S.K.: 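Sending over a structure as structure tokens; questions will come in a sec.
Just so we're clear, the structure is a prediction, and the values are computed from it rather than from any experiment.
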Amino acid sequence: MRGTKETIAASQIAQNAGATTISLYVEKSALLDYSDYQIKYESLALDESRIERVNSSIGLCIAMNVLNEVEGYDNYAAAMAAFADLDSIYRRAVEYTTPLAKKWAELNKKQKIIYVIASGPAYGAAYIFSICNLEEMLQLNSPTIHSYEYFNGPFEVTDKGKSIFQLLATGKTRPEDERALRFEQRFAGEKLYVLDGKEIGLDDLPEEIAPYFNHSIFSSILNNVYMRELSYTTHESYLTRRYMWKEEYK
């Protein structure tokens with residue numbers, strides 16, 4: 001958002017090595033001194049931000065354009081058109097999930113560990129939900145488990161007392177999410193929660209491009225609806241930090 005010592009150094013090294021560098025930023029910093037192109041994005045955490053203008057969406061758009069220029073992309077036109085629909089999909093998803101998130105938050109307000117499980121195009125959103133939303137912002141323990149790896153050990157801790165948050169992605173890896181969910185439904189309890197990409201609008205996009213937009217929708221909903229509702233229910237401000245911006249970590 002505002003450049004770090006590490007990202008600034010990395011950009012300088014890359015530029016000096018002859019790479020083309022692109023900076024996505026919210027606030028100006030020295031990062032821009034080592035960037036051939038600068039793109040200001042809108043923060044995901046602000047309600048007024050449009051989802052096609054947040055960093056993950058812009059990054060995806062850049063990737064699709066580079067792909068199309070280098071070797072062609074058959075679904076390029078459909079993908080570019082989808083960016084115009086993202087914000088309306090997100091707004092409908094917020095309305096749909098808010099009452100569900102309130103119930104989930106009330107059920108989990110005393111939980112100290114929340115397992116988050118996902119795969120494929122939704123895994124990045126699951127990981128961010130664990131390490132940024134639950135651990136960083138709310139100081140809760142939250143292992144992220146890949147649906148493919150669930151049966152390599154993590155399923156052994158599944159029981160009726162555990163809080164499990166399962167994402168169902170759209171796309172090729174969905175059967176693995178559904179496989180994990182079937183087991184969870186047998187052995188988990190009332191704190192098993194499912195957030196299905198098909199229910200939050202990803203099915204409104206053409207099937208051939210919808211998987212690429214999983215992250216933009218899932219991550220936005222998890223941060224702005226589920227994390228916030230848990231914060232409100234526990235009366236723990238999501239702006240609280242123990243170490244960040246307070247302690248040195250060199």
S.K.: Would you check if the side chain of Thr234 reaches a backbone N or O of Ser231 as a donor-acceptor pair within less than 3.5 Å?
M.R.: yes

S.K.: Decide side chain to side chain contact (heavy atoms under 4.5 Å, CB included) for Met1 and Tyr41; before the verdict, give the C-alpha distance in whole Å, the side-chain angles of both, and the deciding distance to 0.1 Å.
M.R.: CA-CA 9 Å; Met1 296 181 74; Tyr41 68 89; 3.1 Å; yes

S.K.: Mind checking whether Ser56 and Ser219 have side chains closer than 4.5 Å, heavy atoms only?
M.R.: no

S.K.: I'd like to check Tyr115 versus Val157 (side-chain heavy atoms, cut-off strictly below 4.5 Å). Are they in contact?
M.R.: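 A side-chain contact under 4.5 Å exists here.
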
S.K.: Looking at every heavy atom in both Asn55 and Leu24, which two are closest together, and how far apart are they?
M.R.: O-CD1, 3.8 Å

S.K.: Closest heavy-atom contact between Ala126 and Leu167?
M.R.: CB-CD1, 3.8 Å

S.K.: Between Arg228 and Asp47, which heavy-atom pair has the shortest distance, and what is it?
M.R.: NH1-OD1, 2.8 Å

S.K.: Checking Ser216 against Ser57: is there a side-chain donor and acceptor pair closer than 3.5 Å?
M.R.: yes

S.K.: Are Ile62 and Ile39 close enough that some pair of their side-chain heavy atoms sits under 4.5 Å apart?
M.R.: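 Ile62 reaches Ile39 side chain to side chain.
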
S.K.: Less than 4.5 Å apart, any side-chain heavy atom of Phe187 and any of Asp159?
M.R.: no

S.K.: Contact between Glu52 and Asp87 at the side-chain level, heavy atoms closer than 4.5 Å - yes or no?
M.R.: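 SC-SC contact between Glu52 and Asp87 confirmed.
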
S.K.: Given Asn65 and Tyr76, is the side-chain hydrogen bond (donor to acceptor under 3.5 Å, both in side chains) satisfied, shown in steps?
M.R.: CA-CA 8 Å; Asn65 274 277; Tyr76 177 76; 2.6 Å; yes

S.K.: Has Lys40 got more than 12 heavy atoms of other residues, nucleotides or ligands less than 6.0 Å from its NZ?
M.R.: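 Atom NZ in Lys40 is packed in, count exceeds 12.
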
S.K.: Establish, yes or no, whether the cationic atom of Arg179 lies under 6.0 Å from the six-membered ring centre of Phe151 and within 45° of the ring axis.
M.R.: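 So Arg179 does make the cation-pi contact.
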
S.K.: If you take all heavy atoms of Lys109 and Glu106, which pair is closest and at what distance?
M.R.: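 Nearest pair, atom of Lys109 first, then Glu106: NZ-OE2, 2.7 Å.
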
S.K.: Under a 3.5 Å distance rule, please check whether Asn223 uses its side chain to pair with a backbone N or O of Ser220 as donor and acceptor.
M.R.: no

S.K.: Output the distance between atom CD (Glu48) and atom CZ (Arg53), rounded to the nearest 0.5 Å.
M.R.: 12.0 Å

S.K.: Would you please test Tyr37 and Ser23 for side chain to side chain contact (heavy atoms under 4.5 Å, CB included) and show each step?
M.R.: CA-CA 6 Å; Tyr37 300 93; Ser23 288; over 6 Å; no

S.K.: Tell me if the OH atom of Tyr148 is crowded by more than 12 foreign heavy atoms within 6.0 Å.
M.R.: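 Above 12, so yes.
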
S.K.: For the pair Thr98 (side chain) and Val94 (backbone), establish whether a donor and an acceptor sit closer than 3.5 Å, ignoring hydrogens and angles.
M.R.: yes

S.K.: Of Ile145, Thr144, Ile114, which meets side chain to side chain contact (heavy atoms under 4.5 Å, CB included) against Ser130?
M.R.: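 That would be Thr144; it is the only one of Ile145, Thr144, Ile114 passing the side chain to side chain contact (heavy atoms under 4.5 Å, CB included) with Ser130.
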
S.K.: Dump the intermediate steps for ring pair (Phe, Tyr, Trp, His ring centres under 6.0 Å) on Phe218 and Phe129, then the final yes or no.
M.R.: CA-CA 9 Å; Phe218 269 119; Phe129 187 46; over 10 Å; no

S.K.: Do side-chain atoms of Asn16 reach the backbone of Gln12 as a donor and acceptor pair under 3.5 angstrom?
M.R.: yes

S.K.: Carefully, step by step, assess Gln38 and Tyr25 under the rule side-chain hydrogen bond (donor to acceptor under 3.5 Å, both in side chains).
M.R.: CA-CA 8 Å; Gln38 302 94 27; Tyr25 72 98; over 6 Å; no

S.K.: Could you walk me through whether Thr21 and Ser35 pass the side-chain hydrogen bond (donor to acceptor under 3.5 Å, both in side chains) check?
M.R.: CA-CA 5 Å; Thr21 53; Ser35 304; 4.7 Å; no

S.K.: Would Thr170 and Asp203 count as a side-chain hydrogen bond (donor to acceptor under 3.5 Å, both in side chains) here? Give the steps.
M.R.: CA-CA 8 Å; Thr170 62; Asp203 262 12; 5.6 Å; no

S.K.: Are Gln15 and Asp36 side-chain neighbours, meaning at least one heavy-atom pair lies under 4.5 Å?
M.R.: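 Yes. Closest side-chain heavy atoms under 4.5 Å.
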
S.K.: Quick one: does any side-chain atom of Glu135 pair with a main-chain N or O of Ser142 as donor and acceptor, under 3.5 Å?
M.R.: yes

S.K.: Would you say the side chain of Leu195 lies within less than 4.5 Å of the side chain of Leu168, judging by non-hydrogen atoms?
M.R.: no

S.K.: Just do the side chain to side chain contact (heavy atoms under 4.5 Å, CB included) check on Thr158 and Tyr150 with the steps written out, would you?
M.R.: CA-CA 10 Å; Thr158 300; Tyr150 177 63; 2.6 Å; yes

S.K.: Which heavy atom of Glu42 sits nearest to which heavy atom of Arg50, and what is that distance?
M.R.: OE1-N, 2.9 Å

S.K.: As a quick check of understanding, evaluate ring pair (Phe, Tyr, Trp, His ring centres under 6.0 Å) for Tyr193 and Tyr226, giving each step before the final call.
M.R.: CA-CA 11 Å; Tyr193 187 84; Tyr226 288 88; 5.5 Å; yes

S.K.: Return the minimal non-hydrogen interatomic distance between Leu222 and Ala125, and the atom names on each side.
M.R.: CD1-O, 3.7 Å

S.K.: Check whether any side-chain heavy atom of Asp204 sits under 4.5 Å from a side-chain heavy atom of Phe213, and report yes or no.
M.R.: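 No - every pair of side-chain heavy atoms lies 4.5 Å or more apart.
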
